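Working notes for the structure below.
Residues take their numbers from the sequence shown, with the count starting at 1. Note that the coordinates shown come from a computational prediction; the quantities given were computed from them, not determined experimentally. Values below: all heavy atoms of this structure, side chains included; hydrogens, waters and symmetry mates excluded.
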Amino acid sequence: MTDLLESILTAHGGLDRWQRTTGVRFTASAAGILPWPRPDFLHHTGATIDTQTQQALIEPFGAPDRRALYTPGRVEIQDADGTVLTARDEPRHMFSGHPAGTLWDELQAAYFGGYSFWTYLTVPFLLARDDVKVAEIEPWREDGQTWRRLRVEFPEHVVTHNSVQTLHFGADDFLLRRHDYSPDLLGNPLTAHYTTRYRWFDGFGFPTERFVLHREPDGTTSGDRLISLNIHSVSVS
């Protein structure tokens with residue numbers, strides 16, 4: 001573990017405390033250009049993520065009486081009682097040959113939403129895993145601030161947007177400012193995911209406003225917000 005990562009984990013609530021947790025529940029509203037089944041599909045949603053293994057239960061999911069269960073090897077659409085309505089094993093194969101510009105079905109949405117929510121709510125503690133490679137790289141200047149950066153390489157069995165990502169943290173408070181990635185399932189667009197408005201829940205810090213901008217090859221950003229995720233509440237168990 002680098003000295004920077006140790007400071008980051010402490011700033012977000014502490015690794016020892018995180019390792020004693022089992023789950024995080026949050027409520028949120030999501031909007032933007034992703035090919036959800038409907039534009040307002042996740043306008044009112046929430047999820048419970050497992051902090052010890054890669055699993056997320058998104059509820060509600062597109063309708064008040066629907067929820068989605070995500071794991072890397074299977075996704076399910078369930079009714080409010082947990083009865084499985086439809087499911088698919090090896091769900092990543094659903095995206096092979098999916099025509100660009102067409103909407104996802106609910107199972108595809110469950111897979112993308114599930115791993116995305118899981119990643120966002122477990123970072124930065126996810127970076128402390130033994131199978132995740134972390135190295136500090138040169139700092140980044142933006143809006144008059146200097147952000148320290150970590151280059152992160154995820155193993156294949158940790159499902160996330162793409163294998164190599166860069167995370168930016170405040171030089172003084174060590175809180176996450178920006179998360180750069182290029183999602184494989186969307187054709188690897190260069191993406192800058194900003195995290196703001198930190199709030200504290202059960203002793204852990206979470207950014208409650210997230211938004212995505214287009215990232216240029218030189219690392220600068222351009223254009224309007226492409227995606228937003230506003231988090232309303234968080235509870236840690």
Determine, step by step, whether H161 and F154 satisfy the ring pair (Phe, Tyr, Trp, His ring centres under 6.0 Å) criterion, reporting the C-alpha distance in whole Å, the side-chain angles of both residues, the deciding distance to 0.1 Å, and the verdict. CA-CA 10 Å; H161 287 306; F154 293 99; 9.9 Å; no
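- Looking at T71 and T53, their side chains never come closer than 4.5 Å, going by heavy atoms from C-beta outward.
- Within the model, atoms CD of E76 and CG of L57 stand 10.0 Å from one another, a figure rounded to the nearest 0.5 Å.
- From R148, atom CZ reaches atom CG of L4 across 4.5 Å, with rounding to the nearest 0.5 Å.
- With sequence neighbours left out, F201 forms a ring-ring contact (aromatic ring centres under 6.0 Å, His included) with no residue at all.
- Annotation: D224, atom CG; neighbour count of heavy atoms from other residues, nucleotides and ligands within 6.0 Å does not exceed 12.
- By the criterion of side-chain heavy atoms lying less than 4.5 angstrom apart, applied directly or through intervening Ile, Leu, Val, Met, Phe, Trp or Tyr residues, I8 is grouped together with W18 in one hydrophobic cluster.
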In residues 230-237, what donor-acceptor pairs under 3.5 Å come from side-chain atoms, sequence neighbours left out?
unit_1, atom_1, unit_2, atom_2, d
H232, NE2, S29, OG, 3.4
S233, OG, T27, OG1, 2.7
S237, OG, T22, OG1, 3.4
S237, OG, G23, O, 3.4

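- There is no path of hydrophobic side-chain contacts, each under 4.5 Å, that joins V164 to L167.
- Although no hydrogens or angles enter the test, the distance criterion places a donor-acceptor pair under 3.5 Å between the side chain of N188 and the main chain of S182.
- Under a 3.5 Å cut-off, the side chain of D79 and the backbone N or O of D81 do form a donor-acceptor pair.
- When all heavy atoms are compared, the tightest approach of A11 to W200 is O-CH2, 2.8 Å.
- Annotation for Q52: atom CD counts as buried by contact number, over 12 foreign heavy atoms lying within 6.0 Å.
- Taking CG from L9 and CG from L127, the interatomic distance works out to 7.0 Å, rounded to the nearest 0.5 Å.
- Residue pairs satisfying the ring pair (Phe, Tyr, Trp, His ring centres under 6.0 Å) criterion with at least one member in residues 52-77, sequence neighbours excluded, are listed as follows: F41-F61, Y70-Y111.
- Taking all atoms of both residues into account, the shortest heavy-atom contact from T2 to V134 is CG2-O, 4.1 Å.
- Contact detail for R74 and A87: the closest heavy-atom pair is NH2-CB, 3.2 Å.
- Legend: residues meeting salt bridge (charged side-chain N to carboxylate O under 4.0 Å, His left out) with D173, ordered by chain and number and at least two apart, are R177.
- Residues P72 and V159 share a closest heavy-atom pair of CB-CG2, 3.7 Å.
- The backbone N or O of D105 sits less than 3.5 Å from a side-chain atom of Q108, completing a donor-acceptor pair.
- No side-chain heavy atom of L5 sits under 4.5 Å from any side-chain heavy atom of E136.
- Not one N or O on the side chain of R149 forms a donor-acceptor pair closer than 3.5 Å with the backbone of H168.
- Of all heavy-atom pairs between R25 and T48, the closest is CD-OG1, 3.0 Å.
- Classified by interplanar angle (parallel below 30°, tilted 30° to 60°, perpendicular above 60°), the ring pair W104/F95 is perpendicular.
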Go through it in stages, so that I can follow the logic: the residues are T160 and Q165, the test is side chain to side chain donor-acceptor pair (under 3.5 Å), and I'd like the CA-CA distance, side-chain angles, deciding distance and then a yes or no. CA-CA 10 Å; T160 186; Q165 304 178 19; 3.2 Å; yes
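- Side-chain contact check for T195 versus H179: every heavy-atom pair is 4.5 Å or farther apart.
- Rounding to the nearest 0.5 Å gives a distance of 12.0 Å between CH2 of W147 and CG of L175.
- When side chains are defined from C-beta on, V123 does not count as touching V152, because their heavy atoms never get closer than 4.5 Å.
- Looking at Q55 and L69, their side chains come closer than 4.5 Å, going by heavy atoms from C-beta outward.
- In this structure, D16 and Q19 have side chains that are in contact, with non-hydrogen atoms separated by less than 4.5 Å.
- Within 6.0 Å of CG on D131 lie more than 12 heavy atoms contributed by other residues, nucleotides or ligands.
- Side chains of R151 and T166: a donor-acceptor N/O pair is absent below 3.5 angstrom, by distance only.
- The only option from F117, W118, F112 that meets the ring pair (Phe, Tyr, Trp, His ring centres under 6.0 Å) definition with Y115 turns out to be F112.
- Y198 is listed as a side-chain neighbour of H12, based on a closest heavy-atom distance under 4.5 Å.
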Review item, side-chain donor-acceptor pairs of residues 203-218, under 3.5 Å, at least two apart:
unit_1, atom_1, unit_2, atom_2, d
T208, OG1, R197, O, 2.6
E209, OE1, R197, NE, 3.0
E209, OE2, R225, NH1, 2.9
E209, OE2, R225, NH2, 3.4
R210, NH1, H193, NE2, 3.0
R210, NH2, Y120, O, 3.1
R215, NE, T191, O, 2.9
R215, NH2, Y181, O, 3.0
E216, OE2, S222, OG, 2.7
D218, OD1, T220, N, 3.0
D218, OD1, T220, OG1, 2.6

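- Linking Ile, Leu, Val, Met, Phe, Trp and Tyr whenever their side-chain heavy atoms come within less than 4.5 Å leaves L103 and I77 in two separate clusters.
- Separation of atoms CG (L126) and OG1 (T119) is listed at 6.5 Å; rounding is to 0.5 Å.
- Panel note: side chain S7, backbone D3; a donor-acceptor pair is recorded below 3.5 Å.
- Qualifying salt bridge (charged side-chain N to carboxylate O under 4.0 Å, His left out) partners for R199, counting only residues two or more places apart in sequence or in other chains: none.
- The shortest non-hydrogen separation linking G62 to L42 is N-CD2, 4.4 Å.
- Under a cutoff of 6.0 Å and an axis angle of 45°, R178 and W140 form a cation-pi pair.
- A 4.5 Å side-chain heavy-atom check between P155 and V132 finds at least one atom pair inside the cut-off.
- Under a cut-off of 6.0 angstrom, the local environment of NE2 in H93 is sparse, with at most 12 non-hydrogen atoms contributed by other residues, nucleotides or ligands.
- Interatomic distance, L85 CG to Q78 CD, rounded to the nearest 0.5 Å: 8.0 Å.
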